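Sharing a structure here in structure tokens format.
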Amino acid sequence: MLDIIHRDSRTIAVNKPAGMLVHRSWLDKHETRFAVQTLRDQIGQHVYPVHRLDRPTSGVLLFALDTEAARLLTQQFENKTIEKTYWAIVRGHLPSDGLIDYALKYMPDKIAEAQTEATLQEAQTAYRCLAQTELPFQSALRYPTSRYSWAKLTPHTGRKHQLRRHMKHIFHPIVGDTNYGDLRQNHAVAEHIGTQRLMLHARGLSFQSIEDGSRMTVQAPIDNDWRLWMEKFKIEAV
């Protein structure tokens, strides 16, 4: 059962768990659990995904409940009137805030698209450091301790793996990232803290209600892996 965090007559949002695909993909042909199918079976009606989250990312996933609502929500995404905010645990101590403006190579979603030449796409991500900590275990050869930051990330564009690639670009990779992260760091975190997943969470999503036009903000609670990190940052509530 998916955790439903918002529902009205036109839209529904769930807190997608880490490790679940949004829908079927040629990259994961043997996977049998998908958010679209699970939610459809759970509420007994069709749902229409209007955006996506990477498989290892948890958090807010918004669906439309009819085709017209899907069109209107997709339009909001295209017009960049929907704001998405993420939480991430990253290596090192981040500056207080900043903007990453760094173009990314296009990454295809389909085998046929992989045959085309990669092009650069503009990409911007704003970040803000919410908390910092230094922990008494070694994850790099040069230092006896390990530093981490709890970051709020706000993407201004929607490129594939944008947040993960941007954080790598500024040398603050997201903890648990096996594609763009620090593998030595990931092993140390798994051993000393106990989390082995990508520490990236779609915390909030703000959009215009299809029902009445009001501004809606949906937030997704964190899971047990994030609570382990709360203890390390000495954060009592989020």
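Computed from a prediction, not measured in an experiment: that's the story for all the values here. As a basis for the values below, the full set of heavy atoms in this structure was taken, side chains included, without hydrogen atoms, waters or symmetry mates.
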> Atom CD in Q132, atom CZ in F233: separation rounded to 0.5 Å?
Replying inline: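 Going from the CD atom of Q132 to the CZ atom of F233 covers 8.5 Å.
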> Quick one: CG on L53 to CG on L62, what's the gap to the nearest 0.5 Å?
Replying inline: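 These two atoms lie 10.5 Å from each other.
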>> Working to the nearest 0.5 angstrom, can you tell me the gap between W229 CH2 and I193 CD1?
In response: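 These two atoms lie 3.5 Å from each other.
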> Would you call the rings of W87 and W150 parallel, tilted or perpendicular if under 30° counts as parallel and over 60° as perpendicular?
Replying inline: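 Judged by the thresholds at 30° and 60°, the geometry between W87 and W150 is perpendicular.
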>> For the backbone of L94 and the side chain of S149, can you confirm whether one donor and one acceptor N or O come within less than 3.5 Å of each other?
In response: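 Judged by distance alone, yes, a pair lies under 3.5 Å.
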> Hey, mind stepping through L198 and Y180 against side-chain contact (heavy atoms from CB on, under 4.5 Å) and telling me if it holds?
Replying inline: CA-CA 11 Å; L198 176 72; Y180 310 101; over 6 Å; no
> Does R165 reach the main-chain N or O of K160 with its side chain, forming a donor-acceptor pair under 3.5 Å?
Replying inline: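 Yes.
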> With no hydrogens and no angle check, is any side-chain donor or acceptor of R215 less than 3.5 Å from a backbone partner on S206?
Replying inline: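 Answer holds: yes.
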>> Which heavy atom of I100 sits nearest to which heavy atom of H169, and what is that distance?
In response: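 That would be CG2-CD2, 4.3 Å.
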>> Quick check on the hydrophobic clustering: are M199 and L61 connected, directly or via other members, by side-chain heavy-atom contacts under 4.5 Å?
In response: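 Different clusters.
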> Would a hydrophobic clustering, with Ile, Leu, Val, Met, Phe, Trp and Tyr connected at side-chain separations under 4.5 Å, put L72 with I82?
Replying inline: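 Looking at the clustering, I82 is in the same group as L72.
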>> Would R159 and M107 count as a side-chain contact (heavy atoms from CB on, under 4.5 Å) here? Give the steps.
In response: CA-CA 8 Å; R159 309 309 179 195; M107 297 180 66; over 6 Å; no
>> Is the shortest side-chain heavy-atom distance between L120 and L104 below 4.5 Å?
In response: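 Side chain of L120 against side chain of L104, heavy atoms only: no contact under 4.5 Å found.
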> Are the side chain of Q208 and the backbone N or O of Q76 linked by a donor-acceptor pair below 3.5 Å?
Replying inline: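 Here the side-chain-to-backbone pair does not exist.
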>> Go through it in stages, so that I can follow the logic: the residues are T157 and Q162, the test is side chain to side chain donor-acceptor pair (under 3.5 Å), and I'd like the CA-CA distance, side-chain angles, deciding distance and then a yes or no.
In response: CA-CA 8 Å; T157 50; Q162 176 175 315; 2.7 Å; yes
> For the side chain of S209 and the backbone of E211, is there at least one donor-acceptor N/O pair under 3.5 Å apart?
Replying inline: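 The answer is yes, because a donor-acceptor pair under 3.5 Å joins these two groups.
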>> Tell me whether the count of non-hydrogen atoms from other residues, nucleotides or ligands lying under 6.0 Å of NE2 in H93 goes above 12.
In response: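 Correct, the count exceeds 12.
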> Is the closest side-chain heavy-atom distance between K80 and H156 below 4.5 Å?
Replying inline: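 Of all side-chain heavy-atom pairs linking H156 with K80, none is under 4.5 Å.
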>> Between I4 and I43, does the side-chain contact (heavy atoms from CB on, under 4.5 Å) criterion hold? Intermediate values first, please.
In response: CA-CA 10 Å; I4 296 173; I43 68 173; 4.0 Å; yes
> Taking the side chain from N15 and the backbone from V60, do they hold a donor-acceptor pair closer than 3.5 Å?
Replying inline: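 Not confirmed, N15 side chain does not pair with V60 backbone.
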> Parallel under 30°, tilted from 30 to 60°, perpendicular over 60°: which one fits the rings of F137 and Y148?
Replying inline: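 F137 vs Y148 ring planes: tilted.
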> Going through the checks in order, is the side-chain contact (heavy atoms from CB on, under 4.5 Å) test met by N179 and K168?
Replying inline: CA-CA 10 Å; N179 291 337; K168 175 188 177 182; over 6 Å; no
> For the side chain of H6 and the backbone of I12, is there at least one donor-acceptor N/O pair under 3.5 Å apart?
Replying inline: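 Not a single qualifying donor-acceptor pair exists.
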> Can you name the closest pair of heavy atoms from N186 and G176 and give their distance?
Replying inline: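 Closest approach of N186 to G176, heavy atoms only: OD1-N, 2.8 Å.
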> Transitively linked via ILVMFWY side-chain contacts under 4.5 Å: F63 with L2?
Replying inline: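 Linked within one cluster.
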> If only atom types and distance count, is the side chain of R91 paired as donor or acceptor with the main-chain N or O of F171 below 3.5 Å?
Replying inline: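 Confirmed, R91 side chain pairs with F171 backbone.
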>> Give me the atom names and distance for the closest heavy-atom approach of L153 to A88.
In response: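 Looking at all heavy atoms of both residues, the closest pair is CD1-CB, 3.8 Å.
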> Which heavy atom of S139 sits nearest a heavy atom of R184, and at what distance?
Replying inline: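 Minimum heavy-atom separation between S139 and R184: O-CD, 2.9 Å.
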> For the residue pair H51 and K84, what are the closest heavy atoms and their distance?
Replying inline: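 Result for this residue pair: ND1-CD, 4.5 Å.
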>> Given 3.5 Å as the limit, does a donor-acceptor pair link the side chain of R55 with the main chain of M20, or not?
In response: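 Checking the backbone N and O of M20 against the side chain of R55, no donor-acceptor pair under 3.5 Å is found.
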> Can you hop from V238 to L228 via hydrophobic side chains spaced under 4.5 Å?
Replying inline: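 Yes, V238 and L228 fall within the same hydrophobic cluster.
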> In terms of hydrophobic clusters joined by side-chain contacts under 4.5 Å, are L200 and L130 together?
Replying inline: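 In one cluster: no.
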> Are more than 12 heavy atoms from other residues, nucleotides or ligands located less than 6.0 Å from atom CZ of R52?
Replying inline: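 For R52, atom CZ is not crowded (no more than 12 foreign heavy atoms under 6.0 Å).
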> Does the distance from a Lys or Arg side-chain N to an Asp or Glu carboxylate O, for D54 and R164, drop under 4.0 Å?
Replying inline: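 Answer for the salt bridge query: yes.
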>> With a sphere of 6.0 Å drawn around CZ of R128, does it hold more than 12 non-hydrogen atoms of other residues, nucleotides or ligands?
In response: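 Not more than 12 within 6.0 Å, no.
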>> Do D223 and W226 have side chains that approach each other closer than 4.5 Å (heavy atoms only, starting at C-beta)?
In response: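 D223 vs W226: side chains touch.
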>> Distance check, rounded to the nearest 0.5 Å: H201 atom NE2 versus Y86 atom OH?
In response: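 Spacing of NE2 (H201) from OH (Y86) equals 10.5 Å.
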> Under 3.5 Å, is there a donor-acceptor pair between the side chain of R203 and the main chain of A220?
Replying inline: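 Yes.
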>> Using 0.5 Å steps for rounding, measure from the CD1 atom of I222 to the CD1 atom of I235.
In response: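 Reported to 0.5 Å precision, the distance equals 8.5 Å.
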>> Go through it in stages, so that I can follow the logic: the residues are S214 and D212, the test is side chain to side chain donor-acceptor pair (under 3.5 Å), and I'd like the CA-CA distance, side-chain angles, deciding distance and then a yes or no.
In response: CA-CA 6 Å; S214 63; D212 58 18; 2.7 Å; yes
>> Nearest 0.5 Å, please: how far is NZ in K16 from OG1 in T38?
In response: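 Going from the OG1 atom of T38 to the NZ atom of K16 covers 11.0 Å.
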> What's the shortest heavy-atom distance between Q138 and S146, and which atoms?
Replying inline: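 Heavy atoms only, the tightest pair is C-OG, 3.9 Å.
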